[in-house]
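Given the structure is predicted, the values throughout are model-derived calculations rather than measurements. In what follows, chains carry the letters A, B, and so on, assigned in the order in which the sequence lines appear, proteins first and then strands, with residues in each chain numbered from 1.
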4 protein chains.
Amino acid sequence: MQCTENKPRWERRKEARPHELLAAALDLFVERGFASTRLEDVARRAGVSKGTLYLYFENKEELFKAVVRNSIVPVLGDAEDSIAGFDGHSAELMRSVMKSWWARIGDTKASGIVKLVMAEAGNFPELAQFYQDEVVTRGTRLIRSLLERGIERAEFRPVDVVQATQVMVAPMLTLITWKHSVAPCDRGELNPAAFLDTFLDMALYGLLPAAGAARP
Amino acid sequence: MQCTENKPRWERRKEARPHELLAAALDLFVERGFASTRLEDVARRAGVSKGTLYLYFENKEELFKAVVRNSIVPVLGDAEDSIAGFDGHSAELMRSVMKSWWARIGDTKASGIVKLVMAEAGNFPELAQFYQDEVVTRGTRLIRSLLERGIERAEFRPVDVVQATQVMVAPMLTLITWKHSVAPCDRGELNPAAFLDTFLDMALYGLLPAAGAARP
Amino acid sequence: MQCTENKPRWERRKEARPHELLAAALDLFVERGFASTRLEDVARRAGVSKGTLYLYFENKEELFKAVVRNSIVPVLGDAEDSIAGFDGHSAELMRSVMKSWWARIGDTKASGIVKLVMAEAGNFPELAQFYQDEVVTRGTRLIRSLLERGIERAEFRPVDVVQATQVMVAPMLTLITWKHSVAPCDRGELNPAAFLDTFLDMALYGLLPAAGAARP
Amino acid sequence: MQCTENKPRWERRKEARPHELLAAALDLFVERGFASTRLEDVARRAGVSKGTLYLYFENKEELFKAVVRNSIVPVLGDAEDSIAGFDGHSAELMRSVMKSWWARIGDTKASGIVKLVMAEAGNFPELAQFYQDEVVTRGTRLIRSLLERGIERAEFRPVDVVQATQVMVAPMLTLITWKHSVAPCDRGELNPAAFLDTFLDMALYGLLPAAGAARP
DNA sequence: CATGAATGAGTTTTCATTCAT
DNA sequence: TATGAATGAAAACTCATTCAT
């Protein structure tokens with residue numbers, strides 16, 4: 001828990017700087033992509049000068065990493081914690097984890113970062129590696145361990161967890177693609193929450209052990 | 001059948017040039033995206049100099065449009081023709097159209113163009129407009145008219161065609177996202193052909209009129 | 001009086017920069033013309049790098065406009081003021097205005113800008129429009145109003161002011177042509193000041209009311 | 001006198017080529033200036049390919065020289081001849097020479113070449129030198145020798161011929177400046193023929209020997 | 001800590017000139 | 001002769017990064 005209340009305002013300001021910069025950077029990276037975002041614009045939107053930005057972040061790539069660490073990674077951490085401290089049925093846990101993902105990333109500006117990585121990672125290998133290590137691998141492991149928990153506890157059928165992980169990830173990517181690539185052009189109606197619910201109903205039902213299993 | 005044998009070599013060359021350039025441009029646009037592709041590299045890959053490229057294409061955007069017209073648009077044209085000249089069951093037609101899309105775009109370098117547009121259209125409004133006009137609108141109309149054909153001929157249930165069109169498009173986007181954004185990092189196994197087959201089985205079955213309908 | 005003494009050096013520098021750049025640009029535009037002047041050379045002559053120039057001027061055309069606003073326009077403003085605040089004979093005023101033009105433009109590097117516009121305006125329509133609006137129209141109005149003042153006060157004959165304006169402008173163009181196009185090649189002697197004096201003697205005498213008029 | 005009538009058409013065509021190219025070049029040089037004229041446009045306007053142009057002219061500068069030799073120099077030659085073969089009063093000769101200049105250059109596209117040289121010679125030293133040698137020097141000598149003829153024959157006062165030469169040249173430059181730099185912008189009325197007549201009346205009258213001289 | 005002036009490498013585009021056919 | 005495809009040097013403009021104050 002952060003505690004800044006008993007410091008003079010200018011000092012709180014100083015502590016706030018990085019967050020203001022990260023917020024500005026998130027906005028612009030999502031709006032324009034990585035390559036097309038100019039650091040000067042980030043600085044201006046945060047109300048500081050270009051030079052100041054370099055006091056907090058070594059360069060553009062580090063700024064981007066900080067944005068990811070700020071907007072995506074904590075969600076993973078929380079999810080890991082919630083798994084560790086959960087006692088109920090694995091299907092319920094899976095549903096909770098994915099709804100949380102939707103609430104905190106999919107339905108949020110952070111989803112733009114996921115889209116950005118899909119779009120531009122190829123041009124920035126270091127970024128791709130970073131994202132792979134800190135997000136993809138960790139997220140995949142999270143889903144896989146959740147599936148394994150279900151299988152171990154006999155709440156899920158003993159499916160191929162590698163395949164099943166991808167099945168669970170696919171609708172997330174679909175929703176992000178829809179939101180950032182299709183929706184801006186095509187005014188078609190897609191209700192993301194309903195889509196996700198439907199998917200979860202189908203997928204989790206499909207994971208249940210064959211007969212007489214309790215519906216979560 | 002083209003007959004170029006009795007022309008002087010440099011004239012054959014001139015006819016080949018645009019195709020060599022388009023091939024090189026397709027490669028590089030797919031590899032690096034629109035903004036990050038340097039025209040000099042396109043020229044070099046085609047074995048010519050920078051200036052030569054400008055003999056055939058007015059500028060970078062026109063080169064890109066030409067690539068799209070060369071790799072994507074003809075597939076749409078052929079699909080339209082195949083619909084016009086088809087007599088059988090609409091489900092069969094839909095299956096054929098989507099398999100053809102997979103064979104000629106999804107499973108091809110051309111799919112990289114689709115991904116590129118999803119990734120970068122936001123930064124190049126003129127390109128976005130062009131793609132919307134020449135590909136998206138036309139492709140959507142194609143799927144919709146196919147659905148309408150099925151409904152008119154009582155081969156499909158009278159579904160909401162706008163929604164159903166999106167349902168049919170979704171797996172194509174998913175496959176492309178997987179191929180260009182997930183697969184390069186994650187060595188997870190996704191069998192696109194199997195995925196598409198499964199989807200078609202499910203979706204087309206779902207479109208059939210309720211009872212006693214003939215299965216295509 | 002400007003007071004820059006108690007500012008840090010780089011801040012004084014910043015104030016000086018635009019003037020140094022404008023001076024360098026004036027030099028090179030006059031030497032080489034608009035199209036043939038390279039911005040890199042302008043920057044180098046001002047002792048800065050190419051990029052710095054773009055901190056102060058948006059592009060080549062804006063730099064040129066700034067040069068005109070800096071070297072030509074103020075002279076027009078001063079002339080307008082001097083007319084407004086003058087009580088004497090219009091012939092004297094006309095003589096003063098034209099001598100001032102000679103001192104501040106004709107006999108100055110600024111005259112090169114006038115020559116440049118005559119030479120290149122055809123190739124840069126936006127520049128031509130700008131010059132027409134900010135210099136030609138305003139200068140012509142100035143001469144015309146001066147003639148009208150003389151006629152109203154019965155110090156000049158009631159001549160056709162449109163024609164007379166052109167008559168007054170002609171020798172200015174002649175001098176500039178001579179200076180920039182003839183003199184550099186032909187070592188012929190033309191004394192511009194004498195030429196202008198002679199012209200003014202003749203023209204102003206010719207403008208006086210017929211009989212018994214006081215000679216200014 | 002050129003005689004091409006008894007040759008086959010294609011051969012006449014071959015001989016016509018250079019003239020068609022020169023005509024196209026004259027048009028474009030006058031319209032756009034030297035630097036901004038593209039050889040491809042010249043070739044296209046003449047109905048040939050770019051390569052062909054290089055069969056007849058070594059490069060852009062040589063093409064320009066040929067244009068000058070074709071449009072300006074012959075007028076000088078004719079004027080020299082007319083002087084050599086003239087018996088009458090020098091004032092009449094001068095008037096005839098200058099009217100001829102107006103008819104064949106000043107009032108002609110060729111005047112655009114004079115303007116072009118005034119505007120761009122500074123950027124193309126070799127061109128400047130060429131024009132100086134083949135036009136300026138020769139033209140100046142022509143006027144000077146005409147003045148000297150008048151003085152020798154006591155038809156003119158013994159004026160300073162160097163100065164007087166410039167006086168005679170000035171209105172030619174003025175007319176060209178007006179035509180190419182002022183008229184396109186300013187819809188002011190200047191009647192060039194009248195201007196020239198008036199000038200000649202004044203200047204030639206001023207050159208006559210003091211008393212009792214015959215008016216030409 | 002904060003500033004913002006300065007830098008210069010990198011990219012698109014143009015066009016005179018060459019040369020194989 | 002005639003063609004026109006090909007070349008590559010040159011110039012405008014952008015922006016991540018540095019550093020003196």
Side-chain angles (χ1 to χ4, degrees), chain A residues 10-11 13-14 17 35-44 47-61 63, chain B residues 7-18 35-43 46-63, chain C residues 7-18 35-43 46-63, chain D residues 10-11 13-14 17 35-44 47-61 63:
Chain A
W10 64 265
E11 210 166 329
R13 183 116 201 118
K14 198 154 57 183
R17 268 294 134 71
S36 298
T37 291
R38 287 173 315 177
L39 292 191
E40 179 149 26
D41 290 344
V42 173
R44 183 163 31 245
V48 301
S49 76
K50 224 184 336 177
T52 301
L53 204 157
Y54 278 86
L55 293 176
Y56 294 96
F57 306 98
E58 216 170 298
N59 55 35
K60 203 182 186 180
E61 298 213 334
L63 173 63
Chain B
K7 295 186 178 173
R9 195 171 340 161
W10 62 267
E11 205 165 336
R12 288 217 302 282
R13 200 98 201 132
K14 164 167 162 100
E15 274 170 22
R17 268 294 127 71
S36 299
T37 292
R38 287 175 319 178
L39 293 189
E40 182 150 24
D41 290 344
V42 173
V48 301
S49 77
K50 218 176 356 170
T52 302
L53 205 157
Y54 281 88
L55 293 177
Y56 297 94
F57 306 98
E58 220 168 288
N59 54 38
K60 201 181 186 181
E61 297 215 333
E62 289 305 318
L63 173 62
Chain C
K7 294 185 179 174
R9 196 172 339 161
W10 63 266
E11 207 165 334
R12 290 216 302 281
R13 202 98 200 132
K14 165 169 160 103
E15 274 169 22
R17 269 293 127 73
S36 299
T37 292
R38 286 176 320 179
L39 292 191
E40 184 152 22
D41 290 344
V42 173
V48 300
S49 77
K50 214 178 358 170
T52 300
L53 205 158
Y54 282 89
L55 294 177
Y56 297 95
F57 306 98
E58 220 169 288
N59 55 38
K60 202 180 186 180
E61 297 215 334
E62 289 304 319
L63 173 63
Chain D
W10 63 266
E11 209 165 334
R13 184 118 199 114
K14 198 156 56 183
R17 268 295 134 71
S36 298
T37 291
R38 286 174 317 177
L39 291 190
E40 179 149 26
D41 290 343
V42 173
R44 183 162 32 243
V48 301
S49 76
K50 223 181 342 174
T52 302
L53 203 157
Y54 278 85
L55 294 175
Y56 294 96
F57 306 98
E58 215 170 299
N59 54 37
K60 202 181 186 182
E61 298 214 333
L63 173 63

Item to check | Partners passing side chain to side chain donor-acceptor pair (under 3.5 Å) against D/S49 (at least two apart in sequence or in another chain) | outcome: D/T52
Next on the checklist: Side chain of B/R38, heavy atoms from C-beta onward: which of F/dC15, E/dT17, E/dT11 has the nearest atom to it?
Outcome noted: E/dT11
Item to check | Contacts of type side-chain contact (heavy atoms from CB on, under 4.5 Å), residue C/R38, not counting sequence neighbours | outcome: C/D41
Next on the checklist: What contact category does D/K50 fall into here, base, sugar-phosphate, or nothing, at under 4.0 angstrom with non-hydrogen atoms?
Outcome noted: base
Item to check | Touch class at under 4.0 angstrom, heavy-atom based, for D/S36 against every strand present | outcome: nothing
Checklist entry - Any idea which of E/dT17, F/dG4, F/dC13 is nearest the D/S49 side chain? => result F/dG4
Checklist outcome for this item: The complete set of salt bridge (Lys or Arg N to Asp or Glu O under 4.0 Å) pairs with one or both residues in residues 53-62 of chain C, sequence neighbours excluded, reads C/E62-C/K65
Checklist outcome for this item: Taking pairs as Watson-Crick (N1-N3 plus N6-O4 or O6-N4) or G-U wobble (N1-O2 and O6-N3), each distance under 3.5 Å, the stems of three or more consecutive pairs with DNA chain F are E:2-21 with F:2-21
Checklist entry - Which nucleotide sits closest to the side chain of B/Y54: E/dT7, F/dG4, E/dT14? => result E/dT14
Next on the checklist: Side chain of B/V48 only, heavy atoms from C-beta on: which candidate in F/dT7, E/dT3, F/dC15 is closest?
Outcome noted: F/dT7
Item to check | Distance below 4.0 Å between B/T52 side-chain N/O and F/dT7 OP1 or OP2 | outcome: yes
Checklist entry - Can you find a side chain N or O atom of D/Y56 that sits less than 4.0 Å from OP1 or OP2 on F/dA2? => result yes
Checklist entry - Using a cut-off of 4.0 Å on non-hydrogen atoms, how would the nucleic acid contact of B/L55 be classed: base, sugar-phosphate, or nothing? => result base
